[in-house]
Structure formats: structure tokens, C-alpha cells
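Note sheet for the following structure.
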Amino acid sequence: MEKKNSFNLIRRFLPYFKKYWGILITDLFMASLTTVCELVLPLIVREITDRATTNIDALTVSFILRIGLFYVVLRLIDAGSQFYMNSVGHIMGAGMETDMREALFGHLQNLSFKYYDNTKVGQIMARITSDLFEITEFAHHCPEEFFIAGIKIVAGFIILGSFNIWLTLIIFAILPVMLLCTRWFNKRMRRVFRERRVQTGELNAQVEDSLLGIRVVKSFAGENLEKEKFGKGNRIFYKIKKTSYYYMAGFHGTTRFFDGLMYITVVVAGAVFLKNGGITIADFTAYLLYISTLLTSVRRIVEFTEQFQQGITGIERFFEIMDAPVDIEDAPDAEELTDVSGDIQLKNVSFSYGEENEDTLSHLDLHIKAGENVALVGPSGGGKTTLCNLIPRFYEIKEGEILVDGKNIQHYTLASLRRNIGMVQQDVYLFSGTVKENILYGRPDATEEEIIEAAKLAGAHEFIVGLVDGYDTYVGERGVKLSGGQKQRISIARVFLKNPPILILDEATSALDNESERLVQKSLERLAKGRTTLTIAHRLTTIQNADRILVLTDEGIEEEGTHKELLEKNGIYSDFYKMYSAD
């Protein structure tokens, strides 16, 4: 089963060689030249020994110099071939690594939120870095090593068989036994290498989680807790590596035993044939040299098995991500969403985060007219954020349909749908770069003037020009050098630059202090003007002027109306408002 799996993985891996076929063929040709150079030396020694023992007069100085010069030329060819293999061959592997990393990253970009909800980023990082490096080594060395070994074994059998077929058969009979014994270790090495890779990903995830949350760690004096958590994972990694080294030691010990067994077999059996006249001294000398070359080749291929298993493990983990289904993608007949008015309808929409989970939204109907400002309130877990994530099609609905301008969003291209929707969220994400680069994310082709205008509309221009380098100020990882209000206004400037007809505000001010909230709220009011706006509100004072307020609970939309109408109903919204006012 394992052999079949390895075969299937290699078969799927082969297309990545397509771009480099010319280099690969040249590399294998160079490998064959180096092999020829190794195979010629025993023949030279055999010829010299034969002349020395049978006809010493034939061993002239001229012959010795000619044969020496011939071998020097061969060694120059060997050196040139090795240079090509070690430079261009490795560059080919690095090129394949680059192609695969781009393919992997591209696929990761296409996967939906559902995939990331269930996958640790640290695991992904391990696969896109260390795993692919192992594949690089595999891509270069695997064809090379097997090709060289194949030539040496076949050529070695033919040449040795011409000296003494029975001694050759005895030697080659040991090889299958050796391969069977090492195969036992191979299976376990592959399993433990996979465990090692998984645990590497777990450690990466642990480090990432701890370092990204370093402010929380320190505020709770949780350094020792984090050390303990990391230490536990680190010790698991140590145990796995310890096991892998035991298997590797057993593997190499077994190969060395058979190595020595084959040598002594040649010496003992060869001596018997030599005594009985079954082999000449010259042939026996050449035989010993060939066995050394053959065993070196077998040893290399056996030792390469460790790298082979690491490469196969890396390939297996690479394809695990590449095989992750892209569950949200454009339909074959998808159209561009253009000239958007912003009319949104949800018809009988049901959604759950997993097959075994209860529905977060069940048979929900909602109509938001073009240009209408609608606010969503309700208890935590009622589905407010979920509803907002369904409109840009971040998740696929289970039942029903969502329409934009009267057409099912599944009939629009994802890019055009999301281009026409702007989102401002509570958890602002700024990329590691400058202020300008973060605003430009809204529309990468925008001019300097458009960037500044967007920042002014977001109420961000004034504080930006006050920064050390203005718009070229580096914001730090996740915008760590800026305050919450500054980060939020930059994110709003990003949406101003995008200028979408549909706007979703997901508790955009709930994490801010009063002063920052006031500034951001003004920016949001300017942003919402003339757009279809859906606001999730935590602070109820921010939505009093909404055209319509919806109260969303586990039971669906239980109340709707203006702020005044809902207070007069004296229902759920009124209770929320009284509670908020009391706070």
C-alpha cells in the first residue's frame, strides 16, 4: 500500500518537471558521464595488472602515460559534469520549489474562510517553507541518484559477469535480502518523518499564537504558562526526533552490515575461485574495485532513502493542501457585477458552520433596498456577523438564495461581487508596510491625490501628516505602531478609496474609546452616505439615525423598525436600549 501511495505521489509530482525537461535530461546525461568515469578505472587497473602478470614487456612507459592522460581527461569531464549537476541541477530544484510555492500560495488564496476556520496558520507555514525545501532536494537528487545507481548496477553486473558469472550471482543474491531488511526501516522512517513535520507545524502555530498575543501574555503575566505550553510541544517534538534517530541508526547499521558481508563474500569466494583457476589475478583485482564502486552506489541509494522519505512526506503534505477543495468559486457562466444600485435580498436563507452544527441562520428572509441604511442588533451568537459574511460569499449558504440587484450572487464572479462591497470590521487588519500601502489596498491603481482625498474623507489625513514619515510611515506588524482609532480610520480610508456601492460595518467602533469613536463615527457617516449600508451595532447610539433597525436572534428577525418605533414597541430592542443606557 505504501509503495502504491509513493508511486501515486511521484506520478502527481512529475508534471512539475515539465518546465525543466531540458535541464533534467542534460543533468542525467552529465550523471551518466560521471558514472562512466567511475566504471573505467577498474578496467584500467585490470589492463595494467593483466600486462604485469602475463606479459610485462607490454607494460611500456608509452602505454602507461597514454592511459594516465586518458584518465585525466575523463576526470576533467567528470569535474565539469559534477559542476553542472551541483549548480544547474540544484537551481532546477530551487525553480521547482518556487513554482510549487507559488501554486500552493495561489491555492491558499482561493480557499474559503471555512478552510481557515479549521486549519492552523503555523501548519500552513511549515508546509510552504520547510516541506518545500525537502521537495527541492528530492526533485534534484532523486532522478540523479536512481539513474546513476541503475547504470552502475546494470553495467556492474554485465562487467562482473564477464569476469566470473557465479561469483557475480552470489554477490547480487545478497542485494534483495539487504533491500528487504532496509524496507522495514523505510516504512517506519516515513511514518515518523510525517509525525515530525506535523509537530513542526504545531510548534510553529504555538510560537505564532504566543508572539502575536504577546501583549495579552504580558498583561496577564502568562510568560510561565506560555513557556510550559511551548515546552510540552517541544518535548513531544524531541521524542519524535529521538524515535526517528533510532530508526535511522537501525537503517544505517543494517546497510553497513550488508556492506561488510558483501565485501567479505567477494574476498572469500573470490579467493576460492582464484585458487581453482576460475578467475585471474587481474580480473580479481578489477572485481574488488568494481565491488567497491557497486557498494558505494548501493550505499548511496540506500542512504538516499532517508532523503527520499523526507521528500515523499513533503510531497504528501503539499498535495494535502492542493487537494483541499475550493468550495466557493465562479460558476462557468458567471457574469461581472457592474452598475450596482445595491439592492440586497435574502430569500429563505439557512446556514451552518458544519454538517453537525445547528443552523446559525434558519430560513431567513430580508430585503435591503438600494441606498438604505439598515442596522442589525441582537444578542451575541445570533448570526449578525454570519449574515454579513454571506453577502460577499465568504461562506456558501446551505439553503435559499442571496440576490444583489435581483440576481443570485452565485451568478456573479467573486472578484466583481467583492469589488462592489466594502467592509469595515471591529478587528482591523493592517499589513506590515506603510500607511500609503495600506490605503492603496483599496484600489492599487489610485493616484497620490486620490489616496490623500480618501484619507481626508476618513478623517485620517491630519494625524497621518503628523507621523514621522507621513504617508510613508511604517505601521509595524498588524499596525502595532498606531492607536486603535488611527488604524480604524486608515481602514475606512481604504474603503473610501475602493468606493463600493454596498457597505458593511461590523461593530466598527465597539473597541474604541469615546474620543476615537466620535472621530470614526463621523468618518463612517460620510462613508455610508449614498450607499446601501448594513451596520452591526454594539453601541446603540451609533444607529439611532438608521433607516431601519433589525433585531436578529436565534429565532430570526424578531423586530424591525426605526429607533423611535422600536422603543415604542417596548420589546427586545427597547430592553437592549435600556440596558445600554443604564451602562
Side-chain angles (χ1 to χ4, degrees), residues 105 108-109 113 212 337-338 340 342 373 385 388-389 391-392 394 413-513 515-536 542:
F105 186 79
L108 286 166
Q109 292 296 309
F113 284 6
L212 287 177
L337 174 58
T338 55
V340 182
N373 188 339
T385 298
C388 291
N389 283 332
I391 295 170
F394 292 147
T413 62
L414 286 168
S416 66
L417 174 66
R418 292 169 185 172
R419 246 191 332 262
N420 286 286
I421 299 173
M423 298 191 76
V424 181
Q425 298 168 312
Q426 175 187 344
D427 185 18
V428 179
Y429 192 95
L430 295 188
F431 294 95
S432 182
T434 64
V435 171
K436 183 196 293 183
E437 287 168 345
N438 273 282
I439 296 175
L440 262 177
Y441 209 81
R443 184 156 53 86
D445 60 348
T447 64
E448 189 88 19
E449 291 75 21
E450 288 172 325
I451 294 168
I452 293 171
E453 181 59 25
K456 285 179 178 177
L457 289 169
H461 177 72
E462 188 176 333
F463 87 78
I464 291 173
V465 294
L467 296 172
V468 179
D469 296 313
Y471 281 84
D472 293 317
T473 300
Y474 176 68
V475 300
E477 191 172 15
R478 297 174 69 94
V480 71
K481 294 189 175 184
L482 303 175
S483 71
Q486 289 173 332
K487 287 194 289 185
Q488 191 62 283
R489 277 178 280 167
I490 288 174
S491 78
I492 293 168
R494 195 157 58 188
V495 178
F496 262 119
L497 193 63
K498 185 178 183 180
N499 194 26
I502 298 171
L503 183 63
I504 296 173
L505 308 175
D506 187 355
E507 301 198 78
T509 64
S510 64
L512 304 178
D513 58 72
E515 178 61 21
S516 297
E517 182 192 4
R518 185 181 63 79
L519 293 169
V520 170
Q521 191 58 39
K522 283 184 179 179
S523 303
L524 291 174
E525 286 169 6
R526 281 194 293 270
L527 181 60
K529 195 172 182 181
R531 308 175 201 272
T532 303
T533 305
L534 183 58
T535 305
I536 295 177
T542 62

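Along the sequence shown, the residues carry numbers beginning at 1.
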How long is the span from the [atom1] atom in [X] to the [atom2] atom in [Y], to the nearest 0.5 Å?
X	Y	atom1	atom2	result
I464	D469	CD1	CG	13.0 Å
E453	T447	CD	OG1	10.0 Å
L497	I451	CG	CD1	6.5 Å
R419	N499	CZ	CG	13.5 Å
I536	Q425	CD1	CD	9.0 Å
I492	Q488	CD1	CD	5.0 Å

Side chain of [X], backbone of [Y]: donor and acceptor closer than 3.5 Å?
X	Y	answer
K498	I421	yes
N438	T434	yes
R494	G442	no
R489	A458	no
E450	R443	no

Q. Pairs in or reaching into residues 418-456: which pass ring-ring contact (aromatic ring centres under 6.0 Å, His included), with residues at least two apart or in two chains?
A.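 Non-adjacent pairs meeting ring-ring contact (aromatic ring centres under 6.0 Å, His included): Y429-F431, F431-Y441.
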
**Q.** Residue pairs involving residues 467-496 (criterion ring-ring contact (aromatic ring centres under 6.0 Å, His included); sequence neighbours excluded)
**A.**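 Counting only pairs at least two positions apart or across chains, the ring-ring contact (aromatic ring centres under 6.0 Å, His included) contacts touching residues 467-496 are H461-Y471.
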
Below 4.5 Å, heavy atoms only, C-beta onward: do [X] and [Y] meet side chain to side chain?
X	Y	value
L505	C388	no
T535	N373	yes
R418	P392	yes

**Q.** Single hit among V340, T533, N420, L417 for side chain to side chain contact (heavy atoms under 4.5 Å, CB included) with I502
**A.**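 It is V340, the one option of V340, T533, N420, L417 that forms the side chain to side chain contact (heavy atoms under 4.5 Å, CB included) with I502.
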
Q. More than 12 heavy atoms of other residues, nucleotides or ligands under 6.0 Å from CD of E525: is that the case?
A.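 Yes, enclosed.
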
(Q) Applying side chain to side chain contact (heavy atoms under 4.5 Å, CB included) to V435 and L467, what does each step give before you reach the verdict? (A) CA-CA 10 Å; V435 171; L467 296 172; 4.0 Å; yes

Q: Could you walk me through whether L503 and V495 pass side chain to side chain contact (heavy atoms under 4.5 Å, CB included), step by step?
A: CA-CA 9 Å; L503 183 63; V495 178; 3.8 Å; yes

(Q) L430 vs L482, test: side chain to side chain contact (heavy atoms under 4.5 Å, CB included). Steps then yes/no. (A) CA-CA 10 Å; L430 295 188; L482 303 175; 3.9 Å; yes

Q.
Please give me the minimum heavy-atom distance between K487 and V428, naming the atom from each residue.
A.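 Looking at all heavy atoms of both residues, the closest pair is O-CG1, 3.6 Å.
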
Q) Nearest heavy-atom pair of A454 and A493: which atoms, and what distance? A)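 Closest approach of A454 to A493, heavy atoms only: CB-O, 3.5 Å.
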
**Q.** M423 vs I391, side chain to side chain contact (heavy atoms under 4.5 Å, CB included): CA-CA, chis, key distance, verdict
**A.** CA-CA 11 Å; M423 298 191 76; I391 295 170; over 6 Å; no

Q: Kindly determine whether K456 and E462 satisfy salt bridge (charged side-chain N to carboxylate O under 4.0 Å, His left out), including the steps that lead there.
A: CA-CA 8 Å; K456 285 179 178 177; E462 188 176 333; over 6 Å; no

